[in-house]
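To keep things clear, I will list the structure first and then write my remarks on it.
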Amino acid sequence: MSTRPPVHVSEAEMAVQRDSMCRIAEMPHRPQTYHVVTYGCQMNAHDSEKLAGMLEQMGLTAAPDREEADFVIFNTCCVRDNAERRALGNVTWLKEIRKVRPEMMIAVCGCMIQEPGMAERILKQYPFVDLAFGTANLHRFPSLFERVLTDRQRVVSIDGDDVIAEDVPVRRLRGDAAYLTIMYGCDNFCSYCIVPYVRGRERSRRMADILREAEALRDTGVKEIMLLGQNVNSYRGEDGEGFPQLLRAVDALGIERIRFMTSHPKDLSDDLIAAMAECEHVLPQFHLPVQAGNDDILRRMNRRYTRAEYLDKVRRLREAVPGIGLTTDIIVGFPGETEAQFADTLSLVDEVGYDSAFTFIYSPRTGTAAAKMPDQIPAEVSTERIQRLIALQEKRQREQMTRFVGQEEKVLVEGLSRRSDRQVSGKGGHGISVTFPGNEKDIGQIVPVRITGLKNNTLSAERKES
Ligand code: 5AD
Ligand code: SF4
């Protein structure tokens with residue numbers, strides 16, 4: 001946890017940004033349409049909603065296809081090499097479109113831009129990029145964009161402090177479910193992870209600001225709120241309020257469904273477990289990234305918990321919230337990982353029985369401690385290991401899912417099922433996908449169902465007469 005108080009962007013600075021947005025809106029030759037391409041995590045997805053919010057205040061409207069937009073923004077991720085390569089590949093691909101539509105403008109922003117050396121690389125190797133800016137100055141996007149439009153010059157801006165900007169306009173993608181950031185940055189420095197370098201030091205929003213935003217969302221009919229932070233358990237309000245206290249306060253607002261992510265196992269407290277059990281609207285689901293099942297690997301990852309401690313927290317969560325949906329993140333092929341150490345990860349996955357797991361092959365990130373460790377694992381070894389891990393997880397997932405058959409769930413419908421337009425799908429309270437008969441009218445509604453069986457890693461259900 002940071003010892004410095006968080007720095008909020010001043011009202012005067014936000015007024016400068018609002019003025020920029022107004023002036024851009026008045027410009028006759030500005031781009032008319034925009035398209036934001038998002039990579040990476042929920043934090044980034046929410047940042048893209050803020051970009052869209054600011055663009056709409058500047059008078060631009062959303063274009064469904066990037067090829068047709070006047071202004072395309074790539075909001076990038078750099079947590080693994082493939083996310084980065086995909087983003088850069090797509091930026092380059094757009095260069096070709098611009099040969100046919102020379103008026104098209106291109107911006108690149110997000111975590112990747114904060115990486116050391118990336119700004120210089122964009123300047124040199126990507127001359128068709130008009131604007132590049134990092135996560136540290138997302139709230140300054142209007143004034144940066146205005147400079148590009150008025151000076152007709154490229155702008156690359158990565159400087160900026162670890163601040164909190166309140167009242168940035170947001171255009172939410174969904175009307176029924178909303179992201180709500182409670183804290184920014186990360187101080188954990190897990191040895192493989194680049195996030196603390198690109199997202200800066202941990203800083204928490206004021207509890208009053210969070211509650212005000214949650215109330216406003218409730219009043220517009222939002223049914224589900226996802227509280228976001230790289231490590232929500234180290235939330236500290238201005239008066240020292242912890243995450244369990246915040247969760248209880250959000251719960252009291254009467255929003256139907258509340259979720260949160262991500263929790264670091266080392267900081268998962270008994271009080272949070274108690275709050276989960278107590279709070280009526282907090283859903284019975286928990287994302288608890290384990291990363292590895294071997295103590296030596298966990299130590300070298302700088303995770304600061306042991307396998308036994310992790311398993312104990314899982315046990316306590318399950319005791320307090322019976323049937324809780326449990327998900328995780330796992331990395332295979334961490335430097336020096338032996339077959340026996342990997343076998344410990346397999347046995348942990350077998351023992352816990354997750355409802356879902358995000359599995360990743362370790363990707364060395366320049367500047368992190370693990371990138372300098374000896375014994376980097378060859379790609380073919382990691383690939384073979386991840387396949388075994390996925391096979392085991394799929395088997396355990398199917399076994400775990402059977403516990404829901406015959407039970408009742410409430411599903412927030414996200415859309416038509418990919419397989420049939422007479423079926424809809426969404427997430428139940430446990431966070432697991434459920435498919436059942438329905439139509440477009442159900443989208444955005446919470447529908448009570450009875451689970452009837454399993455189909456391709458999702459649950460199938462019938463509507464419950466209510
Ligand atoms: N290589 C592979 N996976 C990573 N993650 C973070 N950094 C790396 C990396 N260098 C994974 C972790 C984390 C998730 C968001 O991404 O599992 O929990
Ligand atoms: Fe990365 Fe670890 Fe922070 Fe998560 S807790 S963002 S894995 S450093």
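Counting starts at 1 for both ligands and their atoms, following the listed order. Model, not experiment: these values are computed from the prediction.
Counting backbone and side-chain atoms alike, C190 contributes no N/O/S atom closer than 2.8 Å to atom 1 (Fe) of ligand 2. Distance check for C186 against atom 3 (Fe) of ligand 2: an N/O/S atom falls below 2.8 Å.
Using a 4.0 Å cut-off between heavy atoms, I361 contacts ligand 1 through its backbone alone, with no side-chain atom that close. At a heavy-atom distance under 4.0 Å, no atom of R304 approaches ligand 2.
At a cut-off of 3.5 Å, with distance as the only test, a side-chain donor of N231 or S234 sits close to an acceptor on the other residue. Looking only at atom types and distance, the side chain of T38 has a donor-acceptor partner in the side chain of S48 under 3.5 Å away. In this model, a donor atom of one side chain and an acceptor atom of the other lie less than 3.5 Å apart for Q17 and S143.
Between the choices S363, C77, C190, the shortest heavy-atom distance to atom 10 (N) of ligand 1 belongs to S363. Between the choices D329, I331, N82, the shortest heavy-atom distance to atom 14 (C) of ligand 1 belongs to D329. Ranked by closest heavy atom to atom 7 (S) of ligand 2, the top entry among F189, Y192, Y197 is Y192.
Nearest to atom 11 (C) of ligand 1 among the protein's heavy atoms is R80 NH1, 3.3 Å. Shortest contact from atom 4 (Fe) of ligand 2 to any protein heavy atom: Q230 O, 4.5 Å. Remark: minimum distance from atom 7 (N) of ligand 1 to any protein heavy atom is reached at Y192 CD1, 3.3 Å. For atom 1 (Fe) of ligand 2, the closest heavy atom belonging to the protein is C193 SG, 2.3 Å. For atom 12 (C) of ligand 1, the closest non-hydrogen atom on the protein side is Q291 OE1, 3.4 Å.
Taking every non-hydrogen atom of R365 and a distance limit under 4.0 Å, the qualifying atoms of ligand 1 come out as 10 (N). Taking every heavy atom of Y362 and a limit of under 4.0 angstrom, the matching atoms of ligand 1 come to 1 (N), 2 (C). Every atom of ligand 2 is numbered from 1 in the order shown, and the set under 4.0 Å from a heavy atom of H264 is 5 (S). The distance from ligand 1 to the heavy atoms of V79 drops below 4.0 Å at these ligand atoms: 6 (C), 7 (N), 8 (C), 9 (C), 10 (N). Interface of N188 with ligand 2, defined as ligand atoms under 4.0 Å from a residue heavy atom, comprises 5 (S). For ligand 2, the atoms lying closer than 4.0 Å to a non-hydrogen atom of P196 are 8 (S).
Atom CD of E280 has 12 or fewer neighbouring heavy atoms from other residues, nucleotides or ligands inside a 6.0 Å radius. Around the NZ atom of K410, the shell of radius 6.0 Å holds no more than 12 heavy atoms that belong to other residues, nucleotides or ligands. Annotation for D350: atom CG counts as buried by contact number, over 12 foreign heavy atoms lying within 6.0 Å. Around atom CZ of F358, no more than 12 heavy atoms belonging to other residues, nucleotides or ligands sit under 6.0 Å away. Remark: R403 CZ is packed, more than 12 non-hydrogen atoms of other residues, nucleotides or ligands lying under 6.0 Å away.
A salt bridge does not link R299 to D295: none of the charged nitrogens lies less than 4.0 Å from a carboxylate oxygen.
For the pair R199 and ligand 2, no heavy-atom separation below 4.0 Å is found.
At least one test fails for R172 against the ring of Y179: distance under 6.0 Å to the centre or angle within 45° of the axis.
Aromatic ring orientation, F133 versus F141: parallel (interplanar angle below 30°, classes split at 30° and 60°).
Across F360, Y362, F342, a single residue satisfies ring pair (Phe, Tyr, Trp, His ring centres under 6.0 Å) together with F334, and that is Y362.
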